[in-house]
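Here is the naming used below: chain letters follow the sequence lines, and residue numbers restart at 1 for every chain.
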Amino acid sequence: MSNYNFNDIETKWQEYWANNKTFKANNNTTEPNYYVLDMFPYPSGAGLHVGHPLGYIASDIYARYKRHKGFNVLHPQGYDSFGLPAEQYAIQTGQHPAKTTDVNIARYREQLDKIGFSFDWSREVRTSNPDYYKWTQWIFIQLFESWYCKTLEKALPISELINIFEEEGNIGINAKCDAQQAEFSAKQWNDFDDVKKQSILLNYRLAYLAETEVNWCPKLGTVLANDEIVNGVSERGGYPVVRKKMMQWSMRISNYADRLLTDLETLDWSDSLKDTQRNWIGKSVGAAIKFKVFSNKKDAQSNYIGATIGVFSTRPDTIFGASFIALAPEHELVQKITTIEQRFEVAKYIEETAKKSERDRMADVKNTTGVFTGAYAEHPFTKEKLPIWIADYVLVSYGTGAVMGVPAGDQRDYDFAKKFHLPIKNIFKDVDVSEKAYEEKGNTIIANSDFISEMPHQIASEKVIEALEKLGQGKKKINYRLRDAVFSRQRYWGEPFPVYYKHGLPQMIDLKYLPLVLPKVEKYLPTETGEPPLGRADNWAWDTRHNIVVNKDLIDDITVFPLELNTMPGWAGSSWYFFRYMDPKNTREFASKEALEYWKNVDLYIGGSEHATGHLLYSRFWTKFLFDRGFVPVNEPFKKLINQGMILGESAFVHRIEGENTLVSSGQAKEYKTQKIHADVSLVNTQNELDIEAFKNWRPEFKDAEFITEEDGTFKVSREVEKMSKSKYNVVNPDDICEQYGADTLRMYEMFLGPLEQAKPWSTAGITGVHNFLKKLWRLYHTGENGAFFVNDNPASKESLKTLHKTIKKVTEDIENFSFNTSVSTFMIAVNELTAQKCNCKEVLESLAVLIAPYAPHIAEELWKKLGHEQSISTVVFPVFNNQYLVEDSKEYPVSFNGKMRFKMELPLSLTKDEIETAVMAHEKTQHYLQGRIPKKVIVVPGKIVNIVG
RNA sequence: GCUCAAGUGGCGGAAUUGGUAGACGCGCUGGAUUCAAAAUCCAGUUCCCUCGGGAGUGUGGGUUCGAUUCCCACCUUGAGUACCA
């Protein structure tokens, strides 16, 4: 007697894989290699729910499949273990975040192990481990020691830049750096003192220290990157965010904007994800135009105040429609150009707008406000004097922080002109702008515009740019929305910067003395003086004579200096971890040249789309940088990327009659005015019946509540699909599923739920179908007396071979296309057919076990062993599809005409090629299609398709 | 507002170089087995119907011998982004 005892089987094989290091990847083989990666998890205290493993299961199926196909597969896993929740827990409890993190990781590992993943755990990485963040610090130093040459479009060592400065100054340098950098000659450079030189170099370094306007979250006590803010509040916690100027480390990611954009073309990612990154980078092509500023309307050179306002416009063709210039309230020229009469008004307006938070400003979009500066800008062609206004619809952080107002061509300019009674000049042919602006481009023809009248808008744009260049008042310009990434966080639980400050200038600690390990602090909060938590550490100064960390009392600014108090953001460690897996134990390099050369980049990366503008962009940026500097051999980290869809929860609700302590079953709820209250899904069975007693215990405030049931006496809840989360009481734990149905059932069911990339609700109700399938599969191999294992060596029947090869074909295609959901169906059909055929043929059943192994590895291993094999099934070659088994037994021939027509026709067995051609030509539908036309050629692909060309 | 994705039975979903729509599973109905239940097995299950058939893949058009699939317009839902000049 032998039942499908999944718990025993799974425990047994999980131990076997661990003990035999079955999935250990080799760094040096002659076989082809393949790198399958999951986005490593942040180990939160809540543990895993059934949604988390979805992507891991998919990647595991693919990794196992690739092993069967003879690849040396790298399939590692680790933890993104620096992060906010552990720190906030530390603030509340005083427990060191490292401890919390270790506990959480242990729990994660336990949960992951139960699902039977083929991870190579010998390569585990943890970003919070000093052996790991040593190299995060090292990469930071490399960024600091690099600049970006625009001519070569690559990062170069800063030492080369210094050489150029010494020889030629900075006049010939085509670098992307801070725009304000003044020109200097070689002689001037050599005469600068060290402090001056260092501060100039900071303007070129890829990691640089600068006073920047940042998103400050007072509640979290830290700055946030743009991608960490959602709807004007912090992504984590939902706290308000304000703009604030602070001295911060930043990354010059904007240097890479163009490459990050164009190289998207080379990647096998989904279009929607590429689009998200394109939008985020936000390239727009247009013109930079300079307007001379005059103190009044009169056309006299004496009124020119010696300043120009630069604007950026994507529509230089509309320049003759400009009727005003608008500046952002924070624009640096505001003070300089405002006339005496307008000073008071302007100051008042700026004060008002400064008070508004980012959020208020967003909420207030429809409300057009502004104030006149008293100054005028000269139109470069008409010499007309356009009034200069200040308006808060202009953003200081985009373009130049100033726009030319063209009411006819832009709705915001139009609204502004209407409100302040500025002229609206129609510069479009046959277009009505009396009600609203005309923003379409299409085939617009320009009118009333001097030398560009009657031209289509694209040509007009080019002509205007040409003319501006002649005047020296403008040129073609490409603008990006992507801004440099702030890299400092005022937190404890992150990588310390390997930086100390000598006379206020940052100095890097040499690699030899890394890692610079996080110091101990008694509290994880900022200091009373507003310094980050590291300000509380006593041992936090750098002794340059002994190259060690010492007590900060010893700071003398001669040999002992203060260390940086900020830490790195969460994305630092996750931007390069995929390289570390290649050589995780290396103490001399972040990964050896050989390992990097062997594995190259990640072949398949699976993870959530929420990282589109964060992790995935930063990783690409760092990889390109490391590539430029020759540290890695690849320009892009992730060749193919799949976003798994989220698994949603099915929340359960009980209906409560408003104002009463009475709960009513969902079928009766329409009769009353009710409100819905979340009930824990574990208290509800698959028929949506609530366990009333358990519910009362769970929510004691309903202990005495009255329950209005259905007529049959049951109490039903209503269901709604929501995100799976603890607060919605709809979390399903994978451990429970493994316990009740087994890991193989969980794995197959998660795949069966629907397409990998699609969001879908979890419903435990349907799991029995998949579980039954595995039981049937088991029975297929146990047809002996009393359910004993039984196979025979008889040759396979034609029928069974057909079933088998149909299945091989479909499953292979499915795996290659990541349609894991349909191959589960294919397996079900195969098992049903083989059962009906009473197939006991060893040969067929062996192949079937291998086919199923990537999906349900435990049962496959067990069956494989019963079939008499010693080796793990994971070493077995995947079955190969053989067309002949389908052809020989098939009477139906799908027919395709020149790629346009397909139908099935009944043909006798074993026809020759010529006979098939004749039959096809005589076929009624063929005749109908051809309608007397004579085809040039008939192509016959055995058993599959007939193509008629002509 | 803009960008993208998706709309198919009671439910999750199959089916694309355009060729029998609804595979597979859940649920439901009936039957077998059982003292009974669970489990298992078998049959049925898009809708309408006068049992001959008719309608049908969000809506309306178009291309085609033929459209869930391609094209146009619209509606709905979801995701991202948002005063980006």
Candidate pair A:Tyr349 and A:Thr369, rule side chain to side chain donor-acceptor pair (under 3.5 Å), full reasoning: CA-CA 9 Å; A:Tyr349 180 72; A:Thr369 63; 2.7 Å; yes
Any side-chain N or O of [X] below 4.0 angstrom from OP1/OP2 of [N]?
| X | N | answer |
| --- | --- | --- |
| A:Ser284 | B:A85 | yes |
| A:Arg412 | B:C84 | yes |
| A:Asn279 | B:C4 | no |

Nearest to the [X] side chain among [options], which nucleotide is it?
| X | options | value |
| --- | --- | --- |
| A:Thr276 | B:C26, B:G80, B:C4 | B:G80 |
| A:Met828 | B:C4, B:G25, B:U40 | B:G25 |
| A:Ile829 | B:A85, B:C24, B:C84 | B:C24 |

Check every strand shown and say whether [X] touches a base, only sugar-phosphate, or nothing at a heavy-atom separation below 4.0 Å.
| X | result |
| --- | --- |
| A:Arg719 | nothing |
| A:Asn643 | nothing |
| A:Asn479 | nothing |
| A:Lys776 | sugar-phosphate |

For atom [atom1], what is the distance between [N] and [M], given to the nearest Å?
| N | M | atom1 | value |
| --- | --- | --- | --- |
| B:U57 | B:U68 | P | 7 Å |
| B:A73 | B:A82 | C1' | 27 Å |
| B:A85 | B:G13 | P | 37 Å |
| B:U29 | B:G22 | P | 24 Å |
| B:C83 | B:U64 | P | 47 Å |
| B:U8 | B:U69 | C1' | 12 Å |
| B:A79 | B:G9 | C1' | 27 Å |
| B:U63 | B:C71 | C1' | 7 Å |

A:Leu746 vs A:Tyr741, side-chain contact (heavy atoms from CB on, under 4.5 Å): CA-CA, chis, key distance, verdict: CA-CA 7 Å; A:Leu746 175 72; A:Tyr741 300 98; over 6 Å; no
Let me know the distance between [atom1] of [X] and [atom2] of [N], rounded to the nearest Å.
| X | N | atom1 | atom2 | value |
| --- | --- | --- | --- | --- |
| A:Ile647 | B:G78 | CD1 | P | 20 Å |
| A:Gln277 | B:U81 | CD | P | 12 Å |
| A:Arg481 | B:C2 | CZ | C1' | 12 Å |
| A:Lys775 | B:A38 | NZ | C1' | 10 Å |
| A:Ile767 | B:A39 | CD1 | P | 15 Å |
| A:His611 | B:U81 | NE2 | P | 13 Å |
| A:Lys716 | B:G27 | NZ | P | 13 Å |
| A:Lys806 | B:C24 | NZ | P | 10 Å |

Residue whose nearest RNA chain B nucleotide is more 5′ - A:Ser313 or A:Asp275: A:Asp275
A:Ser763 or A:Met404, whichever maps to the more 5' nucleotide of RNA chain B: A:Ser763
Between A:Glu757 and A:Ser270, a side-chain donor and acceptor under 3.5 Å: no
Least distance between heavy atoms, A:Ala322 atom then A:Leu386 atom: O-CD2, 3.5 Å
Smallest separation among heavy atoms of A:Ile319 and A:Pro380, with atom names: CD1-CG, 4.0 Å
Base versus backbone protein contacts along nucleotides 10-15 of chain B [heavy-atom cut-off under 4.0 Å; B, S, -]: --BSSS
Passing candidate, side chain to side chain contact (heavy atoms under 4.5 Å, CB included) with A:Leu482, options A:Thr613, A:Leu617, A:Leu261: A:Leu617
Ring centre gap for A:Tyr749 and A:His771 strictly below 6.0 Å: no
B:G56: syn or anti, per glycosidic angle within 90° of 0: anti
Heavy-atom side-chain proximity of A:Arg412 to A:Phe416 below 4.5 angstrom: no
Beyond-backbone contact of A:Phe312 with A:Tyr398, side-chain heavy atoms, under 4.5 angstrom: yes
A:Thr444/A:Tyr438 under side-chain contact (heavy atoms from CB on, under 4.5 Å): CA gap, chis, key distance, verdict: CA-CA 10 Å; A:Thr444 310; A:Tyr438 181 73; 3.5 Å; yes
Dot-bracket summary - RNA chain B, pairs being Watson-Crick or G-U whose distances fall under 3.5 Å, with | when paired to another strand: (((((((..(((......[....)))((((((.......))))))(((....)))..(((((..]....))))))))))))....
A:Tyr393 vs A:Val403, side-chain contact (heavy atoms from CB on, under 4.5 Å): CA-CA, chis, key distance, verdict: CA-CA 10 Å; A:Tyr393 79 86; A:Val403 301; 4.2 Å; yes
Check against side chain to side chain donor-acceptor pair (under 3.5 Å), A:Ser284 and A:Asn479: CA-CA 5 Å; A:Ser284 45; A:Asn479 225 336; 5.6 Å; no
